[in-house]
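Structure, as structure tokens:
Start at 1 and go down the list; that is how both ligands and their atoms are numbered.
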Amino acid sequence: MKQRNEVPYKIYLSEEELPKAWYNVRADMKNKPAPLLNPGTLQPMTFEELQPVFCDELIRQELDNDTAYIPIPQPIRDFYKMYRPSPLVRAYFLEEKLGTPAKIYYKFEGNNTSGSHKLNSAIAQAYYAKMQGLKGVTTETGAGQWGTALSMACSFFDLDCQVYMVKVSYEQKPFRREVMRTYGAAVTPSPSETTEVGRRILAAHPGTTGSLGCAISEAVEAASKQPGYRYVLGSVLNQVLLHQSIIGLETKAALDKYSIVPDIIIGCAGGGSNLGGLISPFMGEKLRGERDYRIIAAEPASCPSLTRGKFAYDFCDTGMVCPLAKMYTLGSDFIPSANHAGGLRYHGMSSILSQLYHDGLMEAVSVEQTEVFKAAELFARCEGTLPAPESSHAIRAAIDEALKCKETGEEKTIVFGLTGTGYFDMVAYGKFNDGQMSDYVPTDEELAASFAKLPKVNQ
Ligand SMILES: *Cc1c(COP(=O)(O)O)cnc(C)c1O
């Protein structure tokens, strides 16, 4: 049996140790992520072109590939203090259960009402919207975590919040919807009849249960049609990865306290924000040639952007109203099967992570739903926390790496991101408990059909 006091079960940082600046990994990237393109001119989007849609300060952050550290404004740090620094936990009980010589740590981001890391960026985006004197913001939400986080952030700064929620989640997760409404947000199931693009999508795909791509199109249109409103996004964009770097900075500070150097860092990947945030400071060291780490993205086999997608310019949304982003994509027309990790059902991936992956600086694995829930169940039973299905993709990948260590006898140190809790996902857990979960994986033909519709930009 292992010593359970090698390091504390939870490594906490003090309030003073809460990072004072976000870290922008782009500053250390030799190959910068490709710029967003205007779909009409195919030229990089300028500040002025982005202004009708996004908040000014957030555009500056989006376009800034050079500034390594961006100070966190005091009101945001003050809000962070309500739920940060978040603990880094040594998974002693999981290690023991697996009988692995590996040392496993997880950074737990589920300790706030929204239940996930998304609040880290929501509060920053709401703050900049408020500073600009805006009336409100529009957004989309898939599984509901981002919408919940944004409603909390908007109510804190007294901003109006309009959320387009993917219809299948709206219907399956009424409690998520009510949390958002409790924080004052207006929630509309998407696609809806309230926008032109929603009506167009409904006509083309009658009876569709929606997708993140559709909801994004509707939210962007809603923002551009109401004076004093801007659109905000909970993942994928460079600015969101920047805000989420707080996860990695805290993780690194906690590990440094005990001189722990991880061998493997793992995160689940939907649009890439938690993974990007978790790995940023470590990737920075890797890019500067100071240290090497294995970095692994865990994605669902049902929506495998990195492992089976194409690295190409594509629309960020289904309605093709957004700029083009160069990323690993399944095609903006790809609507993944209704899997239970709603927060990972996005056709694309952050341009930053896509570039890093393309340059061989990180790896990706895809994991099937039933295996993910087996990992979730094991984790819940030995570590106590009921994980979000999204987070459980990282748990699965971490367990698989720990089991490899068991075979080889290697004492590797594994760190993974536990992005949230799964209390609103009990319908999915119910299916798993009843043995009725399916493992749908798209065929090559389905993907090929979607790739054929990629915009013809590719340089
Ligand atoms: C949204 C979400 C994710 C995936 O989003 P990323 O932008 O890839 O981080 C993962 N876990 C939870 C709990 C989420 O809410």
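Under 4.0 Å from ligand 1, not a single heavy atom of Ala143 appears. At a heavy-atom distance under 4.0 Å, no atom of Glu109 approaches ligand 1. When heavy-atom distances to ligand 1 are checked against a 4.0 Å cut-off, Gln244 has no atom that comes that close, whether in backbone or side chain. Here Ser116 has side-chain heavy atoms under 4.0 Å from ligand 1, and that is the only part of it that gets that close.
The distance criterion of under 3.5 Å between nitrogen or oxygen atoms is met by Gly271 with respect to ligand 1. Between Gly420 and ligand 1, a contact under 3.5 Å exists for no N or O pair.
In the displayed structure, Lys97 atom NZ is contacted under 6.0 Å by at most 12 heavy atoms of other residues, nucleotides or ligands.
The one candidate from Leu306, Ile295, Leu241, Leu361 that meets the side-chain contact (heavy atoms from CB on, under 4.5 Å) condition with Leu353 is Leu241.
Residues Tyr9 and Phe93 bring their aromatic ring centres within 6.0 Å. A ring-centre distance under 6.0 Å is not found for Phe79 and Tyr127.
With a 4.5 Å cut-off on side-chain heavy atoms, Leu50 and Leu63 count as touching. For the pair Val179 and Ser151, the minimum side-chain heavy-atom distance is 4.5 Å or more. Looking only at side-chain heavy atoms (C-beta outward), Thr208 and Pro191 come within less than 4.5 Å of each other.
For atom 1 (C) of ligand 1, the nearest non-hydrogen atom from the set Met349, Gln145, Glu390, Lys118 belongs to Lys118. Nearest to atom 6 (P) of ligand 1 by heavy atom, out of Ser273, Ser114, Ala297, is Ser273.
Residue contact check: Gly270 has heavy atoms under 4.0 Å from atoms 8 (O) of ligand 1. Every atom of ligand 1 is numbered from 1 in the order shown, and the set under 4.0 Å from a heavy atom of His117 is 2 (C), 3 (C), 9 (O), 10 (C), 11 (N), 12 (C), 14 (C). Of all the atoms in ligand 1, the ones that sit under 4.0 Å from a non-hydrogen atom of Ser235 are 6 (P), 7 (O).
Considering only residues two or more places apart in sequence or on other chains, Ala254 meets the side-chain contact (heavy atoms from CB on, under 4.5 Å) condition with Ile11, Leu13, Leu88.
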